[in-house]
Engineer: 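Handing you this structure, nothing more for now.
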Amino acid sequence: MSENVVHLHKHTDTPAAVDTAPMVLTVVPDAPPARPVPLWVRSGRAVKSAVTHERTRSAGRAVVRHGLYTFNGGRIVTRRAWDGRTGSRYERMIRAAEAAGNLEAAEEWEERLQRFRAARHHRRMDLLHSPVDAAKGVAVGAGMSVGVLVALGVVLAISTGQAGDVVTPLAATIDFIALLIRIVQIVWGPAITIGPFLALLALWSVGRKQHAAPQWALPANVRSGEGEPITPSIVVKALRDLGVPALARAIKEMGDAGASMLGPITIAGCGVEVDVTLPSGVSTNEVQGKRRKLAENLTRHEHEVFITIPQAARTVRLWIADSGALDEPIGPSPLVTDETMTADYKKGKAPWGQDLRGDAAALSLYQRHLLITGLSNQGKTVALRSLALWLALDRSVEFLIGDLKGVGDWAMFDGLATTLIQGPTDEHVIQVTEMVESAVDEMNRRIQAPPGTTFPALIVLVDEAQMAFMCPAKDEDKRPYGGSKANSRYFMAVRKIHNQGRAVNVLMWQGTQDPTNENLPKLVREGAHTRASLALGTESQARMALGDKAVDGGAAPNLLRPGLDRGTLVVASDGITIPAGQSSITVRTHYIDDDAAKAITDRAKALRDGVTTLHAIDRSEEHDPLADIAAVIGDAPRVRTKDVLARLATRNPSAYGEWSFIDLKRVLDDAGAEPYKSDGVMVVSRDRVARTLANRDNQGSASVE
């Protein structure tokens, strides 16, 4: 019976320094003694620990590695010997040339094979006569040698006067031969014993040099291969181990000639590029679908290998980055570093970033509708804003901007854009819709102008456009603002600009998240000339963002890494230089923060006479044309009449959307603020309008008195 343990303790809630609690006696029974672990359990644990220990695993890998070095080294030596004795090498070359469709090379290798077979036949025929010829040669040689030795002995005997010296050279030769035989007898036994080990050592050396063992058995420094240079043998091996049976069989038949599939490996920016002509029976999409495995076979990460389809048939173009190169940031934008830069909407290109080769990527915006999509927080707004910042440096370009995020990403365009609406509510969507509709009215006015009339660019930019398409609000006629039906106001306004706006330089730019049929209708996304996408979740979204042609040609924004590849775009557009045969290009865009963006817009504002930015569309029934004209003129001393008309249409589409120059001139003539010519164009004077308004207000006050 086990004894109990007596514990003395105190019940107290007072600090330790005040020792006034009464002593309490508690009896706690002993815990039962621990049961001993059975021997078989301890033995099993010891065996498991020994088997799974790193030293044991390293020793096991070493045994497998060196054993396979020797075995596979024998296979390699046997293969080489067989190739040297037969025409199999030439036959593999012929098959490789035929697989690549190079008939001239196949004929050349066939001629070499015929010459090899003829030379081999000649050698074999010589072997039939060689024993007789060899015997005759030995007999003649032996007779001549004996004769020479005897003659030498005669000369020696005459010289010494001893008749026995005649056989001295012959006897010395016989003794030397006997010595050689004795040496061979002594060495033969150890050579027979050591020879197999030397042969195995030679085979092991061949296998070791070729790394002829599984990857898991190779040493860590050989197994990782992180960042190793890309060579033809590495590319061929990566393709062979891709898991495409037809490709693996074709390369196996080609042997070392698998490199004939490859074009030149050229340096391309921060990586290399190579074209691979696939053998018959292997399609390009089979290789495209194995991008991750191909990258791992090349000791790269998935995002460091890009597969595109050039114009040549059965060919894939591999771009393989230097290890870790794509994780390095690119330099600042020229818009930030060059404070003297200006823009040219018609002839210039916006400096957007760099392609994967490290070359500057510039985008032409002339008469091209634009769509940028991507997951949230991937740099969509910054990429879209950088294009607008460049174009703002062309003083002739006018902006109507709707920011349906409303967190100030476009606040620096206040005083630069004619209209700037910021906010995420349905009311803001309504305002943006009416802004786009006012652009449609301006487009219609331009279309009705006399032939040959040129117009400055009007950029209608809506960021977070999915908010507009998904808006449930309806107007007083029950027409929805959102949606993709024929009565949807925003949808139809965008479609009208897509259909006819390009001809009169009214362009639609949209940025949207996570493209689907609900938040980005098919007709709208296909109306954009330039389509770009940041990281997306699925291939179906990539097809919605860029189109089937671009995705089938290798574009894969769904393979970009969310968060890590922020600011990296896949672009499909004729406005950017795309390598021949490709349907898209990957661009790493420059990052322009808010402070730098504000500095750029300040430079853009300095190029203009002054722009009064509207923050809401005036939908009131009552309006004062002269006051509205003064408001849209703002602080500029004079504004061209066509700009006044455009601003009035934006300010109040229902009142001024149908106005022409005649309507504007009538109002100004009646008020005594007639437009006039300045530098060959009709303008409206701010001072004349202000003076007329002041006189009118004073007259009104006097009449009231």
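In what follows, residues are counted from 1 in the order of the sequence shown.
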Engineer: Heavy-atom count around Q367 CD within 6.0 Å, excluding the residue itself: above 12?
Structural biologist: yes
Engineer: Side chains of L534 and P562: closer than 4.5 Å at any heavy-atom pair?
Structural biologist: no
Engineer: Supply the atom-to-atom distance M492 CE to R479 CZ, rounded to the nearest 0.5 angstrom.
Structural biologist: 8.5 Å
Engineer: I want to check something: taking the side chain as every heavy atom from C-beta on, are R495 and V524 in contact at a cut-off of under 4.5 Å?
Structural biologist: yes
Engineer: Can you tell which of T373, D514, T512 makes a side chain to side chain donor-acceptor pair (under 3.5 Å) with Q466?
Structural biologist: T512
Engineer: Would R292 and N297 satisfy side chain to side chain donor-acceptor pair (under 3.5 Å), going step by step from the backbone distance to the final call?
Structural biologist: CA-CA 9 Å; R292 173 174 292 182; N297 291 347; over 6 Å; no
Engineer: R300 and A321: which non-hydrogen atoms are nearest, and at how many Å?
Structural biologist: NE-O, 2.7 Å
Engineer: Which is it for D594 and R385 under the salt bridge (charged side-chain N to carboxylate O under 4.0 Å, His left out) test, yes or no, and what are the steps along the way?
Structural biologist: CA-CA 10 Å; D594 291 349; R385 189 176 66 183; 2.9 Å; yes
Engineer: Kindly compute the distance separating CG (L420) from CG (L416), expressed to the nearest 0.5 Å.
Structural biologist: 9.5 Å
Engineer: With a cut-off of under 6.0 Å to the ring centre and 45° to the axis, is R445 in cation-pi contact with F455?
Structural biologist: no
Engineer: Can a donor-acceptor pair be found, under 3.5 Å and without considering hydrogens, that links the side chain of T589 to the backbone of G567?
Structural biologist: yes
Engineer: With a 4.5 Å limit on heavy-atom distance, are the side chains of S364 and K347 in contact?
Structural biologist: no
Engineer: Could you measure the distance from the CD1 atom of I372 to the CG atom of L384? Nearest 0.5 Å is fine.
Structural biologist: 4.5 Å
Engineer: In Å, rounded to the nearest 0.5 Å, how long is the span from CZ of R291 to CZ of F306?
Structural biologist: 5.0 Å
Engineer: Looking at side-chain heavy atoms only, is the closest gap between L569 and S533 below 4.5 Å?
Structural biologist: no
Engineer: Where do L458 and F399 land on the side-chain contact (heavy atoms from CB on, under 4.5 Å) test, with the steps shown first?
Structural biologist: CA-CA 6 Å; L458 174 61; F399 290 93; over 6 Å; no
Engineer: Would you please test E539 and Q541 for side chain to side chain donor-acceptor pair (under 3.5 Å) and show each step?
Structural biologist: CA-CA 5 Å; E539 182 181 328; Q541 290 178 330; over 6 Å; no
Engineer: Do S488 side-chain atoms and G482 backbone N/O form a donor-acceptor pair below 3.5 Å?
Structural biologist: yes
Engineer: Checking K346 against D394 for the salt bridge (charged side-chain N to carboxylate O under 4.0 Å, His left out) test, could you report, in this order, the C-alpha distance in whole Å, the side-chain angles of both residues, the deciding distance, and whether it holds?
Structural biologist: CA-CA 10 Å; K346 185 175 182 179; D394 183 340; over 6 Å; no
Engineer: Hey, is the main chain of P334 close enough, under 3.5 Å, to the side chain of D338 for a donor-acceptor pair?
Structural biologist: no
Engineer: Dump the intermediate steps for salt bridge (charged side-chain N to carboxylate O under 4.0 Å, His left out) on E302 and R561, then the final yes or no.
Structural biologist: CA-CA 10 Å; E302 183 179 11; R561 302 167 298 169; over 6 Å; no
Engineer: Go through I309 and V316 one step at a time and tell me if the side-chain contact (heavy atoms from CB on, under 4.5 Å) criterion holds.
Structural biologist: CA-CA 5 Å; I309 309 298; V316 293; 3.9 Å; yes
Engineer: For S583 and A572, which heavy atoms make the closest approach, and how far apart are they?
Structural biologist: O-CB, 3.9 Å
Engineer: Would you confirm whether E286, through its side chain, and S283, through its main-chain N or O, come within 3.5 Å as a donor-acceptor pair?
Structural biologist: yes
Engineer: Check the pair D463, T381 against side chain to side chain donor-acceptor pair (under 3.5 Å), reporting the backbone distance first and the verdict last.
Structural biologist: CA-CA 7 Å; D463 196 8; T381 296; 2.8 Å; yes
Engineer: For M470, I'd like to know if atom CE has over 12 heavy atoms of other residues, nucleotides or ligands within 6.0 Å.
Structural biologist: no
Engineer: Out of Q288, R317, K290, which one pairs with I307 under the side chain to side chain contact (heavy atoms under 4.5 Å, CB included) rule?
Structural biologist: Q288
Engineer: I would like to know whether E442 and R446 meet salt bridge (charged side-chain N to carboxylate O under 4.0 Å, His left out); could you show each step before the answer?
Structural biologist: CA-CA 6 Å; E442 169 63 13; R446 294 184 177 189; 2.7 Å; yes
Engineer: Indicate yes or no for a side-chain donor-acceptor contact from T315 to the backbone of A313 under 3.5 Å, with no hydrogens or angles considered.
Structural biologist: yes
Engineer: Looking only at heavy atoms, what is the nearest atom pair of L247 and P279, with distance?
Structural biologist: CD1-CD, 3.6 Å
Engineer: Do other residues, nucleotides or ligands put more than 12 heavy atoms under 6.0 Å from the NZ atom of K496?
Structural biologist: no
Engineer: Could you tell me whether the side chain of E526 and the main chain of L523 form a donor-acceptor pair under 3.5 Å?
Structural biologist: no
Engineer: Grab the two heavy atoms, one from N519 and one from F469, that are nearest each other, plus how far apart they are.
Structural biologist: O-CD1, 3.3 Å
Engineer: Quick one: closest heavy-atom pair of K293 and L242, and the distance?
Structural biologist: CD-O, 3.4 Å
Engineer: Is there a side-chain contact between K522 and M544 in this structure, where contact means two heavy atoms from C-beta onward sitting under 4.5 Å apart?
Structural biologist: no
Engineer: Using a 3.5 Å distance criterion without hydrogens, assess whether the side chain of Q510 forms a donor-acceptor pair with backbone atoms of L370.
Structural biologist: no
Engineer: Working to the nearest 0.5 angstrom, can you tell me the gap between L536 CG and L559 CG?
Structural biologist: 10.5 Å
Engineer: Would you check if there is a donor-acceptor pair between the side chains of T266 and E273 at a distance under 3.5 Å?
Structural biologist: no
Engineer: Decide side-chain contact (heavy atoms from CB on, under 4.5 Å) for V587 and T568; before the verdict, give the C-alpha distance in whole Å, the side-chain angles of both, and the deciding distance to 0.1 Å.
Structural biologist: CA-CA 6 Å; V587 177; T568 299; over 6 Å; no
Engineer: Side chains of H428 and L404: does their closest heavy-atom pair fall under 4.5 Å?
Structural biologist: yes
Engineer: Answer with yes or no whether the side chains of S386 and W352 bring together a donor and an acceptor at under 3.5 Å.
Structural biologist: yes
Engineer: Do you know the tightest heavy-atom contact between L560 and V570?
Structural biologist: CD1-CG2, 4.2 Å
Engineer: Out of curiosity, K549 NZ to L546 CG, how far, rounded to the nearest 0.5 Å?
Structural biologist: 13.0 Å
Engineer: Determine yes or no for a side-chain-to-main-chain donor-acceptor pair under 3.5 angstrom, with R502 supplying the side chain and L507 the backbone.
Structural biologist: no
Engineer: With a 6.0 Å cut-off (strictly less than), is the heavy-atom count around CD1 of I267, excluding the residue itself, greater than 12?
Structural biologist: no
Engineer: Do the rings of H498 and H369 sit parallel, tilted or perpendicular, given the 30° and 60° boundaries?
Structural biologist: tilted
Engineer: Verify side-chain contact (heavy atoms from CB on, under 4.5 Å) between L393 and L335, making sure each step is shown before the conclusion.
Structural biologist: CA-CA 10 Å; L393 296 175; L335 290 172; 3.8 Å; yes
Engineer: Between the side chains of N505 and Y345, is a donor N or O closer than 3.5 angstrom to an acceptor N or O?
Structural biologist: yes
Engineer: State, with a plain yes or no, whether a side-chain heavy atom of R588 is found less than 4.5 Å away from one of D355.
Structural biologist: no
Engineer: Can you find a pair of side-chain heavy atoms, one from L294 and one from L318, that are under 4.5 Å apart?
Structural biologist: yes
Engineer: Please check this pair: side chain of R531 against backbone of A545, looking for a donor-acceptor N/O pair closer than 3.5 Å.
Structural biologist: yes
